[in-house]
Every structure is written in structure tokens, then in C-alpha cells.
Amino acid sequence: MGGELVAHGLGCVVDARTLGGRAELTGLTSPFDVRTTGGDLHLGLADALTGPSRAATTGGTVTVDVADGAAGRIEATTTGGEVRVEGAFDTRREGHRFHGSTVVAVGEGAEQGFSLSVKSVGGDVAVRRSLRGSA
């Protein structure tokens, strides 16, 4: 509570919460459930990510970096913020960009890959390609 959570190269199931601090989790390959209150959330999805995962923040921004080889589906939802998709992803918007969902298909075989639900109350959500090749 009240602190920062930073972890890299996570190859295990993750269940993490912060209150008043940001969270940065990269190299994610296994299912995860991450929540922040009053802090930003940065997720780095590795190309080997599998299974269903969730991420949510209240009062913070969510940034999802996706490795080039990753395949799956991201549903990004925000209330009071904006969903931004940067890069060559297949997207479908449901509702208005400030109050609704954006579904992002990632890579070849997205239907059989990972699934990620991202929610932000009062903040933006950004989905983008990883700058390093493997998030």
C-alpha cells in the first residue's frame, strides 16, 4: 500500500495490488490480475503470453506494450479517459472512445492466443507495440 511495484521478466502467475502507487510489470508470460488505485499501470506483454488476464486502475493511466510475436485479444475500456491504439493492430470500437470499449486483435492467431481485459476509471488506456521487441 502506498508504494511502487516494479517487476521484470515475470514467468509466473501474478496477482498484484497497489494503493496510491504505480505498478510496472514487464516480460509477462503467464496469466495475471493487476490493480492500482491512484497510480499508473504499465504492462509489458511478452511474445509467449498465454491465458486470460486482467488489469484495472482507478485514477491512473494504463499503458500496454505488446511484443512483436504476441498473439491474442485485448479489450480496453475507460470511463472518463481515452483509449488509444498505436501501431498496426486490428481494432473494433464499441461505443464512444471516451466511454466504451475498444477490442484489439494482436498478431496471427489472435483468436487462440491470450485474452486481456483492461479497465481504467478516470484515466487513459494506451495499447502499443513494444519498443524493445519483447516487452
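Heavy-atom basis, side chains included; hydrogens, waters and symmetry copies ignored. When a residue number appears, it is its place in the shown sequence, counting from 1. All values reported here derive from a predicted model rather than from experimental measurement.
- The OG1 atom of T18 sits 7.5 Å away from the CG atom of L41 when rounded to the nearest 0.5 Å.
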For this session: Please assess T26 against H42 for the test side chain to side chain contact (heavy atoms under 4.5 Å, CB included), listing each intermediate value before the final yes or no.
Result: CA-CA 8 Å; T26 60; H42 174 225; 4.0 Å; yes

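- Evaluated for a side chain to side chain contact (heavy atoms under 4.5 Å, CB included) with T57, the options V62, V118, V34 yield exactly one hit, V62.
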For this session: Under the side chain to side chain contact (heavy atoms under 4.5 Å, CB included) rule, what do D47 and D68 come out as? Steps first, then yes or no, please.
Result: CA-CA 7 Å; D47 56 3; D68 283 335; over 6 Å; no

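- The side chain to side chain donor-acceptor pair (under 3.5 Å) test applied to E86 returns no partner, not counting sequence neighbours.
- Partners of S53 by side chain to side chain donor-acceptor pair (under 3.5 Å), not counting sequence neighbours: none found.
- By the side chain to side chain donor-acceptor pair (under 3.5 Å) test, S120 is found to be paired with no residue, residues two or more places apart in sequence or in another chain being considered.
- The hydrophobic cluster containing V121 does not contain V127, counting ILVMFWY residues as joined when their side-chain heavy atoms lie under 4.5 angstrom apart, directly or transitively.
- Every residue two or more places apart in sequence or in another chain that forms a salt bridge (charged side-chain N to carboxylate O under 4.0 Å, His left out) with D124 is listed here: R84.
- By the salt bridge (charged side-chain N to carboxylate O under 4.0 Å, His left out) test, D33 pairs with R17, R35, R54, sequence neighbours left out.
- Under the 4.5 Å side-chain criterion, counting only non-hydrogen atoms from C-beta, I74 is in contact with V66.
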Exercise. Are L43 and L28 close enough, and set up right, to give a side chain to side chain contact (heavy atoms under 4.5 Å, CB included), and what steps lead you there?
Worked result: CA-CA 8 Å; L43 302 170; L28 293 161; 4.0 Å; yes

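- Here T63 contributes atom OG1 and E24 contributes atom CD; the two are 10.0 Å apart, rounded to the nearest 0.5 Å.
- In this structure, E82 and T61 have side chains that are not in contact, with every pair of non-hydrogen atoms separated by 4.5 Å or more.
- Of all non-hydrogen atoms in T29 and G11, the two that sit nearest each other are OG1-CA, 3.2 Å.
- A55 approaches F32 most closely through the heavy-atom pair CB-CE1, 4.4 Å.
- Partners of V13 under the side-chain contact (heavy atoms from CB on, under 4.5 Å) rule, at least two apart in sequence or in another chain, are S30, P31.
- Checking side-chain atoms of D40 against main-chain N and O of R22 turns up no donor-acceptor pair under 3.5 Å.
- Taking every heavy atom of both residues into account, E75 and V103 meet most closely at CG-CG2, 4.3 Å.
- Between the side chain of T78 and the backbone N or O of G123 there is at least one donor-acceptor pair closer than 3.5 Å.
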